[in-house]
Structures are given as structure tokens and as C-alpha cells.
Student: 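Okay, handing you the structure first.
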2 protein chains.
Amino acid sequence: MDLAGARDARMDWRGGAIFRPVRTGNTFEETVERLLEAIKLGVLAYGDRLPPERELAGRLNVSRETLREAIRSLQLAGCVESRRGRYGGTFVTYRLPPPDPGDLRRAVQDMGAGLEDALTYRMVLETGAAEQAARRPLTEEQRAYLRERLADLENAAPEEYRQLDSRFHLAIAELTGSHSLAAGIAESRMRLNDLLNAIPMLERNIDHASEQHRTMVDTILAGDAEGARRCTEEHLEATAALLRGFLG
Amino acid sequence: MDLAGARDARMDWRGGAIFRPVRTGNTFEETVERLLEAIKLGVLAYGDRLPPERELAGRLNVSRETLREAIRSLQLAGCVESRRGRYGGTFVTYRLPPPDPGDLRRAVQDMGAGLEDALTYRMVLETGAAEQAARRPLTEEQRAYLRERLADLENAAPEEYRQLDSRFHLAIAELTGSHSLAAGIAESRMRLNDLLNAIPMLERNIDHASEQHRTMVDTILAGDAEGARRCTEEHLEATAALLRGFLG
DNA sequence: CGTCAATGGTCCGGTTTCAGTCCATTGACC
DNA sequence: GGTCAATGGACTGAAACCGGACCATTGACG
């Protein structure tokens with residue numbers, strides 16, 4: 001067993017990914033994060049009801065007590081409201097705050113090296129998802145679902161554009177049928193979310209993005225895997241470049 | 001707030017990815033899993049020493065007590081041995097069990113729908129990683145590192161081929177510099193690992209795989225992103241097809 | 001031959017998390 | 001107007017987990 005010394009000299013950038021944290025916070029914190037994910041990514045829109053506590057606790061594999069603690073902190077933050085009784089429940093009251101360019105520079109900078117990581121992670125996952133979605137035989141229901149998400153996005157009021165955009169991109173991930181892929185995309189978008197929200201939306205940018213969205217849907221529905229990948233890449237590259245610009 | 005009813009009818013396949021478990025097991029179990037990941041994927045080879053408990057507990061963000069419990073269970077399973085004193089430590093004693101084709105059919109079948117998920121997840125991550133690696137400007141050290149992993153693999157004895165293969169693929173992920181990407185690849189490989197290990201290695205298959213590995217390295221080092229993606233895809237598609245064959 | 005720094009081994013008090021139970025409230029429906 | 005099923009709210013004892021301190025062992029090195 002004398003190989004030891006020879007190998008663990010490099011241990012730093014080797015074990016880097018493998019010895020990553022098993023827990024990034026306590027259960028309570030991660031539960032709050034997960035609920036915010038659903039809300040901020042637009043899976044739960046304003047006014048939507050969360051699943052009942054007992055069921056949700058089961059899905060998240062967390063005790064009801066802990067889940068309730070998480071919900072309570074969202075109540076304090078004004079993100080949700082709860083009502084008792086049958087036909088009661090917990091309802092989303094979160095509204096996206098208006099973009100503040102001042103935030104952006106700060107947020108980008110204290111994200112530091114994590115930004116490059118998040119950007120390439122996202123690029124890989126989303127271009128891959130688009131390609132896989134295009135390759136799959138989609139049911140008519142799925143096709144309709146994708147077109148619906150696109151329509152929602154095109155009719156969006158400015159203040160809900162961001163969430164519907166996330167929702168649209170998540171929909172593509174769901175079409176692949178790969179749970180893990182969708183989860184990864186949700187996670188990566190969540191990491192970039194504060195940054196993206198801080199970018200002011202110009203009319204011109206929205207028009208350009210919308211055109212790319214339409215192309216993505218067209219290529220996916222046409223089964224054009226290569227095309228879907230390419231235009232998704234182009235689409236993501238635009239915002240990535242914008243964010244990188246603030247690193248200077 | 002009457003939108004509620006209209007939306008949560010579809011909640012099943014919508015919240016599917018977003019309401020995934022916050023915890024897949026207790027801390028102890030996930031810690032064991034993480035250590036096995038390092039061992040089974042060949043990041044820690046036979047005879048290697050684990051980082052000291054205090055440091056490792058810190059990296060995994062787990063209490064030393066819990067980490068020690070995990071290590072104890074690996075000791076019972078015969079995967080590691082510990083020695084006290086300065087220059088002591090915990091050392092890997094795990095040897096890959098010989099492949100058993102009988103296991104394969106069983107393992108594939110009770111993985112069920114999870115198999116398709118894991119396979120497309122892997123495909124997206126690894127082809128993406130290869131492409132990104134090819135795009136990056138690599139340092140001479142990184143280029144050497146990649147070539148080393150390839151050389152290790154080509155000189156591998158049959159019983160260590162699997163681990164060095166994982167090690168090689170992980171090396172490509174590391175070249176992208178994206179922590180999350182490497183973590184995802186490690187995770188997906190871990191899910192498929194038992195299946196892959198159960199496949200008997202034929203001389204002919206190894207030769208073919210080796211040629212593909214060389215092509216992957218060549219294209220990456222040459223900065224040929226398209227080529228790297230294509231040959232990685234081809235490489236992965238081979239084993240994927242083989243596994244799918246057992247689903248019948 | 002003794003020192004001592006680094007490592008695994010042990011223990012304990014405090015906190016978080018869990019599973020289960022029971023209570024309180026509400027509104028659709030009879 | 002009363003019923004009652006579904007929902008949030010509250011409590012409790014047990015288990016898991018943490019963090020920190022202290023002990024035991026080892027071998028390189030002076």
C-alpha cells in the first residue's frame with residue numbers, strides 16, 4: 001500500500017467533483033430553496049395552489065414539520081399565503097421584483113468562478129435537451145403542450161416574461177422524458193435566475209428572443225435534432241455573453 | 001385566486017421534476033454512496049488513501065461522526081481498511097467483482113423506467129462535456145493529464161478496465177472546468193455502474209472501444225468540437241444499445 | 001531512543017429532523 | 001342549516017446529526 005503518497009499529492013483538483021458536499025445546507029433551507037425554485041421558475045404562478053402539505057412532504061421526502069417550517073418562512077417573506085379548511089391550501093402570492101441593473105454587476109461579481117460553471121452547465125444541458133426532444137417521437141398532447149408554453153410566452157406581460165421564459169425552457173426538458181435532465185436544468189436556471197432577472201428587458205431583445213423561441217419549437221416538432229441544438233445554443237449564447245460582459 | 005383548480009389537474013407530470021425529493025436518504029446513507037462513488041469510479045484506486053477524516057468531513061459538509069459511521073460500514077463490507085498513527089489513514093481494499101451476465105438481465109429490469117432516464121442523461125452530459133472540452137484552451141498539464149488517463153486505460157488489466165474507463169471519462173468532464181458537469185457525470189455513471197460492470201468484456205469490444213477512446217482524445221486535443229461530440233455519441237450509443245437490448 | 005505531529009477512536013450535550021397523533025377551520029353539498 | 005371530508009395548525013417522544021473536546025497509536029526524524 002505504498003502507492004498512497006504517489007497519488008494523493010494531486011488530490012486537490014482531482015477529488016474536486018467527487019468529494020463535493022453531501023449536504024449544501026440543512027433540510028429546512030433546502031426545502032425553502034426547492035419551493036422557491038417552483039415559484040421563481042414559474043412552475044407555480046401567481047395564485048396557484050401548492051399541493052397539500054401531507055402530499056408535498058411525501059414527494060419531497062421531508063417530514064411535514066420541516067416542510068411547514070419552510071412554508072412559514074415563505075409566508076413571512078410574503079411569497080405565499082395559507083388558508084384553512086377544505087378547499088383551503090397554500091397559495092402563491094409572489095411577484096417578480098422589477099429589474100435593477102445595479103444589482104446585476106454586484107451579483108455577477110460575487111458569483112465569481114461559479115458563473116462560468118453555471119453557464120457551461122446550462123449550455124450543455126439545454127442544448128442536449130433540445131436535441132433529445134427533437135429526436136423523440138412526441139405525442140400530440142406533448143406537441144400541444146410545447147406550443148402552449150410558447151404561446152403563453154409570446155402573450156406575456158413584461159413583468160411575467162422571465163418566469164414564462166423559464167417555464168418554456170423547462171417544458172422542452174420535460175419533453176425528453178428524462179427526469180434527471182429536467183431536474184438539472186431547473187437547478188442550473190435557479191442558479192442564474194437572480195442574474196437573469198436583473199437584466200432589463202429591451203423591446204428589441206424580446207423580439208429577437210421570441211424569434212429564436214419559435215425556431216426552437218419548429219425544429220423540435222419537425223424532428224430536426226441538429227437544428228434544435230444549434231438554435232438553442234445560439235439563443236443561450238446571447239445572454240451568456242451579456243453576463244460575461246459584467247465580469248470584466 | 002380561482003386559477004388553482006384549472007392548473008393543478010396536470011400537476012402530476014408537471015411538478016414531476018420540480019418536486020423531486022430534497023433528500024434521497026439519510027446523511028449516513030448518502031455519505032456511504034459518495035465514498036463508493038469515488039471507489040467504484042476509480043477516482044480512488046486499490047491501495048489509495050482517503051483524505052484524513054477531519055478534512056474529508058469538511059469537504060463533504062458532514063459531521064465527522066457521521067463520516068466515521070459511513071467508513072465503518074465500508075470496513076464491514078471489506079472495501080477499506082484503517083490504520084492509526086501518523087502516516088496511517090484509511091485505505092481502499094475494494095476489488096471489482098467479476099462480471100455476471102445473470103445479474104445483468106435482472107439489474108436492467110428492476111431499474112425499469114430509470115434506465116432510459118439515466119441513459120439520456122448520460123448521453124447529454126458526456127457528449128456536451130466532450131464538446132466543451134474541445135472548445136477550451138487547454139494547458140499543457142491538462143493535455144498531459146488526459147493522455148495519461150488514456151494510457152492507463154490502454155495498459156489496463158481486464159479486472160481494472162471498468163474503473164479506468166470511468167476514470168477516463170471523468171477526466172474529460174474535469175477538463176471543462178465545470179464542477180457541476182463533472183458531478184453530474186459522476187452521478188449518472190454511478191447509476192449505470194452496476195449494469196456496466198455486469199457486461200462481460202470481450203476482446204473485440206475492448207479493441208473497438210479503445211479506438212474510439214483514442215479518437216475522442218485526438219479530437220479534443222485538436223479542438224475539434226463537432227468531432228469530439230460525434231465520436232463520443234457513437235461510443236456511448238454502443239453500450240446504450242446493448243443495455244436496451246435487455247429490456248425486451 | 002525519545003519526541004511529537006498527524007491520524008484514527010471515543011464520548012457527550014445540544015440541535016434538527018422525523019413519524020405519528022390529535023385539534024381547528026372551512027365551505028360544498030345534501 | 002347541519003354534515004363531513006379535506007385542509008392547515010400544534011404537540012410530543014424518538015432518532016439522527018452535529019460540533020467539539022479529549023484519548024490512543026504510530027512512525028519519521030532529530
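Numbers restart at 1 for each chain; the letters A, B, ... are given by sequence-line order, proteins then strands. Just so you know, these numbers use all the heavy atoms, side chains as well, and skip hydrogens, waters and symmetry mates.
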Student: Nearest whole Å is fine: how far is C:dT7 P from B:Arg68 CZ?
Tutor: 14 Å

Student: Taking the six-membered ring of A:Tyr46, is NZ or CZ of A:Arg95 closer than 6.0 Å to its centre and within 45° of its axis?
Tutor: yes

Student: With the criterion being N/O to N/O and under 3.5 Å, what pairs connect the protein with nucleotides 12-17 of chain D, and how long is each?
Tutor:
{"unit_1": "D:dT12", "atom_1": "O4", "unit_2": "A:Glu65", "atom_2": "OE1", "d": "3.3"}
{"unit_1": "D:dC17", "atom_1": "OP1", "unit_2": "B:Thr27", "atom_2": "N", "d": "2.5"}
{"unit_1": "D:dC17", "atom_1": "OP1", "unit_2": "B:Thr27", "atom_2": "OG1", "d": "3.3"}

Student: Just grab all the salt bridge (charged side-chain N to carboxylate O under 4.0 Å, His left out) pairs involving residues 190-199 of chain A, residues at least two apart or on different chains.
Tutor: A:Lys40-A:Asp194, A:Asp117-A:Arg191, A:Glu187-A:Arg191

Student: Taking atom C1' of D:dG19 as reference, at what distance in whole Å does atom CG of B:Leu60 sit?
Tutor: 16 Å

Student: Using atom CG of A:Leu67 as one end and atom C1' of D:dA10 as the other, report the distance to the nearest whole Å.
Tutor: 15 Å

Student: Among all residues two or more places apart in sequence or in another chain, which pass the side chain to side chain contact (heavy atoms under 4.5 Å, CB included) test with B:Ala182?
Tutor: A:Ala17, B:Ala173

Student: Examine distances only and state if a side-chain atom of A:Thr90 and a backbone atom of A:Leu50 form a donor-acceptor pair shorter than 3.5 Å.
Tutor: no

Student: Could you state the CG-C1' distance from A:Asn61 to C:dA19, rounded to the nearest angstrom?
Tutor: 12 Å

Student: Sugar-phosphate means primed atoms, P, OP1 and OP2; the rest is base. With that split, encode nucleotides 21-30 of chain C 5' to 3' as B, S or - using protein heavy atoms under 4.0 Å.
Tutor: -B-BBBSS--

Student: So that I can tick it off, tell me whether A:Glu53 and A:Arg59 are bridged by a salt bridge, with the cut-off set at under 4.0 angstrom between side-chain N and carboxylate O.
Tutor: no

Student: If I take atom CZ in residue A:Phe91 and atom P in nucleotide D:dT7, what distance separates them, rounded to the nearest angstrom?
Tutor: 10 Å

Student: Could you state the CD-P distance from A:Glu81 to D:dG8, rounded to the nearest angstrom?
Tutor: 14 Å

Student: Among residues at least two apart in sequence or on other chains, which ones pass salt bridge (charged side-chain N to carboxylate O under 4.0 Å, His left out) with B:Arg106?
Tutor: B:Asp103

Student: Taking atom CG of A:Leu67 and atom OG of A:Ser63, what is their separation to the nearest 0.5 Å?
Tutor: 8.0 Å

Student: Apply salt bridge (charged side-chain N to carboxylate O under 4.0 Å, His left out) to B:Glu29 and list each qualifying residue two or more places apart in sequence or on a separate chain.
Tutor: none

